[in-house]
Amino acid sequence: MNRRDFIKGTLTLATAAAINPSNLFFVRADAAGNNSWWQKKSVYQVYPKSFMDTNGDGIGDLRGIINKLDYIQSLGVGAIWLTPIYSSPMADNGYDISDYTAINPTFGTMADFEELVAEADKRGMKIVMDLVFNHSSDKHPWFLESKTSRDNPKADWYIWREGINDNPPTNWQSIFGGSAWEWNDDRGQYYLHTFSRYQPDLNWENPEVRRALYDAANFWLDKGVGGFRIDAIVYIKKPEGFTDGATDSEGNCSIHNMTANQPGILDFLQEFKREVFDGHDIFTVAEANAVKPKDLPQWVGDKGVFDMLFEFSHVNVIFPEGEIWHKAADFNLVEFKKALSASQNATRNSWYPIYFENHDRPRSIDIFFPEDADKKLAAKALATILFTLRGTPFIYQGEELGFGNADADGFRNINDYDDISSIGQYELGYHAGLSEEENMKIIRKYSRDNARTPMQWDASKNAGFSVGKPWLPIHKDYKTCNAAEEDLDQESVLIYYRHLSAMRNESEVLINGDYKEYFSDNEEIYVYTRALGDKKIGVAVNFTTHDVKLPFNIFGGCTKINGNYHGEEYFLRPTEAIIYEFNN
Ligand code: GLC
Ligand code: CA
């Protein structure tokens, strides 16, 4: 355990208290509208590998992000979340870390990183790092040592168990498919991996492990980062006993059902908060799949651990049986609205991230709207919701340009996919008896590579992303769907994003107003209001591709202030989204 750092932690806290005691209880939105910086602007998520390549190796880099900071700033952004840029063998594109305090040379150097922080700062933006603390890479020196013997100093840093009669210790299936246990010859034991076998789970019960992780996070705070997105955090606490779990109709028992949100996890998280987050003017957003609305007060808000939390219920309405792609259901608007309203209502006294996309999901316009919907209208309709729900809007690169799922000749069969989970899901489909054609149709629709094709900057070769061969194919539509083109077109998705983002950042009622949903059982439209004092805004979105009339006219006498169509009808046109202001 590193005593110096424990003491340092205390000192930071004491200094912050001396300067401004209220910093210790970071003021969240209150009725008087006292908001933290990260509540007043959007967050932009960058997937560095696919953002902008400056040295022609076909892979995005930190200099590429520096070059595009003005573009990001133009979207009303206060922070940029970078998916992992640390040293990594890239089995899961950086979510397999081999050194928590080094920059992957493919992305650049520490000097580039420092420049990025400084240049972003000049534009009023903070850099937010992704902490992947549930597991490391199997090439991390800690694991390399741990696997050598049962009595080395790091023997207990990972989760090792005996098998049972030549079988793994339990029937748990990893999130990327296949057993969650991997055999190791040197130790004659199995190790646990929630994700791929290249991502062994760290043993959080060991205080030295926790100390090492906190030190790594503090290293980045010292570099001036503005916060953290914390990966897969619900899995850090394992159950007391490891036993087989119930299987589904295909004979699988997902590790998620056995290890997510175990009793005792909050003790670890409270310590994490004390040792790292407290006393800093940062924000934290945890990836926390399946935290129930009723448990939210322990997770977010004044008594909670984090400032915000990504849970999956609204995006996972298409996976009612868990994230098994070939068991996906059609999009269900009523369930989607129910999930959004549940989190809006559960965080009245705290705060929430609003998101529809990230690097793990297919593109939203291909999931939440009928196939025949106009893609541009659909992108703007979702943007309307993104900027008018209560919470910090998270924009995922390309979403603001109306990107759809990957459509490129380069994606023909499974070998063309890079995403490790697509390969696991393909195997699941294969074992479930899907034909090659059916299986590939599923992969094409849900693959995480849909969100990872390179950014489309302009109509030049490789969409201006790289002068070399891009690591993933470029979408076919890049000649018309790109940042340069959209910048000049007043009707573009990009310009709509800029308008709405600016409107939201300046609107007290959109930042802090109370949320109220209408017509929750209606299967065609999403309608809600936001109200603060005597100010009230209404939003109506048509999720179908036909005209729909509101069941009763709650917006009579209101003024339309924005929307994805010009003018107004007495009904909502296909995929129409409108923002109204109530007149006093
Ligand atoms: C999170 C990340 C995802 C990664 C996984 C394992 O879900 O968002 O990209 O594969 O954790 O680290
Ligand atoms: Ca590069």
Side-chain angles (χ1 to χ4, degrees), residues 38 40-56 59-83 85 107-108 112-113 115-128 226 355-359 363 376 379-380 382-383 386-387 392-404 451-467 470 472 474-475 477-506:
W38 44 268
K40 292 191 277 200
K41 285 188 173 180
S42 296
V43 176
Y44 188 84
Q45 184 190 351
V46 166
Y47 197 70
K49 201 173 174 184
S50 301
F51 196 61
M52 179 68 202
D53 173 26
T54 56
N55 64 350
I59 298 177
D61 40 53
L62 295 179
R63 298 228 67 82
I65 305 172
I66 295 172
N67 291 353
K68 296 294 182 187
L69 285 172
D70 290 338
Y71 171 82
I72 300 175
Q73 186 194 23
S74 78
L75 285 156
V77 166
I80 302 171
W81 153 27
L82 303 180
T83 59
I85 51 169
F107 292 134
D112 293 334
F113 179 78
E115 189 178 329
L116 174 63
V117 170
E119 287 300 316
D121 249 328
K122 280 188 201 157
R123 294 165 176 82
M125 300 185 289
K126 297 279 177 195
I127 299 297
V128 166
Y355 79 97
F356 299 119
E357 292 191 8
N358 60 41
H359 63 293
R363 291 293 182 175
K376 238 166 100 171
K380 291 179 184 177
L382 274 176
L386 184 66
F387 292 109
T392 298
F394 277 66
I395 307 166
Y396 177 68
Q397 67 179 51
E399 189 178 7
E400 78 280 12
L401 299 172
F403 277 19
R452 299 177 181 184
T453 60
M455 266 297 268
Q456 293 161 203
W457 293 108
D458 56 41
S460 71
K461 187 167 178 251
N462 296 331
F465 162 72
S466 172
V467 294
L472 263 196
I474 309 264
H475 199 293
D477 66 4
Y478 77 93
K479 289 225 160 109
T480 49
C481 181
N482 65 59
E485 234 23 67
E486 294 197 27
D487 189 52
L488 299 173
D489 172 8
Q490 286 310 306
E491 301 295 321
S492 70
V493 177
L494 177 63
I495 300 286
Y496 192 78
Y497 262 76
R498 287 188 184 142
H499 280 159
L500 256 57
S501 182
M503 177 186 80
R504 185 253 172 214
N505 291 352
E506 278 152 27

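A quick note: this is a predicted structure, and the numbers were derived from the prediction, not measured.
Residues passing the side chain to side chain donor-acceptor pair (under 3.5 Å) test with K41, sequence neighbours excluded: none. Every residue meeting the side chain to side chain contact (heavy atoms under 4.5 Å, CB included) condition with S466, not counting sequence neighbours, appears here in chain and number order: D53. In this view, N67 and T54 satisfy the side chain to side chain contact (heavy atoms under 4.5 Å, CB included) rule, not counting sequence neighbours. With sequence neighbours left out, the ring-ring contact (aromatic ring centres under 6.0 Å, His included) criterion links Y497 to F387. Legend: residues meeting salt bridge (charged side-chain N to carboxylate O under 4.0 Å, His left out) with E486, ordered by chain and number and at least two apart, are absent. Judged as a ring-ring contact (aromatic ring centres under 6.0 Å, His included), and not counting sequence neighbours, F465 has no contacts. Taking the side chain to side chain donor-acceptor pair (under 3.5 Å) definition, one finds that D121 meets it with K126, sequence neighbours left out. The side chain to side chain donor-acceptor pair (under 3.5 Å) check on W457 picks up nothing, with sequence neighbours excluded. Listed by chain and residue number, F310 satisfy the ring-ring contact (aromatic ring centres under 6.0 Å, His included) test with F394 (two or more places apart in sequence, or in another chain). For S460, the side chain to side chain donor-acceptor pair (under 3.5 Å) partners at least two apart in sequence or on another chain are D458. Contacts of R63 classified as salt bridge (charged side-chain N to carboxylate O under 4.0 Å, His left out), with partners at least two apart in sequence or in another chain: D112, E115.
Contact check for Y396 versus R363: side-chain heavy atoms found under the 4.5 Å cut-off. Side-chain contact between D489 and L494 is absent, with no heavy atoms from C-beta onward closer than 4.5 Å. Counting heavy atoms from C-beta outward, I65 and P48 have side chains that approach closer than 4.5 Å. Residues D70 and R123 meet the side-chain proximity criterion, which asks for heavy atoms closer than 4.5 Å. Using a 4.5 Å heavy-atom cutoff, the side chains of T453 and S50 are not in contact. Side-chain contact check for P393 versus R504: some heavy-atom pair is nearer than 4.5 Å. Between R452 and K49 there is no side-chain heavy-atom pair separated by less than 4.5 Å.
Results of the side-chain contact (heavy atoms from CB on, under 4.5 Å) test with V46 over I85, L82, I127, V128 single out L82 as the only residue that passes.
For L401 against A483, the heavy-atom pair with the smallest separation is CD2-CA, 3.8 Å. Nearest heavy-atom pair, F107 versus G60, reported as atom, atom and distance to 0.1 Å: CD2-O, 3.3 Å. Of all the heavy atoms in Q456 and H475, the pair that sits closest is OE1-CB, 2.9 Å. Residue S492 comes nearest to K376 through the heavy atom pair CA-CE, 4.4 Å, listed as atom of the first residue, atom of the second, then distance. When all heavy atoms are compared, the tightest approach of M455 to G398 is SD-N, 3.6 Å. Nearest heavy atoms, V77 versus A79: CG1-O, 3.1 Å.
The structure places NZ of K461 at 9.0 Å from OH of Y478, a figure rounded to the nearest 0.5 Å. To the nearest 0.5 angstrom, E119 atom CD is 11.0 Å from Q73 atom CD. Rounding to the nearest 0.5 Å gives a distance of 8.0 Å between CG of D61 and CE of M52. Distance check, rounded to the nearest 0.5 Å: CD1 of I474 to NZ of K479 gives 11.5 Å. Summarising the geometry, atom OH belonging to Y44 is positioned 9.0 Å from atom CD1 belonging to I80; distances are rounded to the nearest 0.5 Å. The CG atom of N505 lies 10.5 Å from the CG atom of L500; values are rounded to the nearest 0.5 Å.
Of the possible polar contacts, none joining the S501 side chain to the R498 backbone as a donor-acceptor pair under 3.5 Å is found. Q397 places a side-chain N or O within donor-acceptor distance of the main-chain N or O of Y47, the cut-off being under 3.5 Å. Looking at T392, its side chain does come within 3.5 Å of a backbone N or O of W38 through a donor-acceptor pair.
Every pair tested for salt bridge (charged side-chain N to carboxylate O under 4.0 Å, His left out) that includes a residue from residues 393-402 fails, sequence neighbours excluded, so the list is empty.
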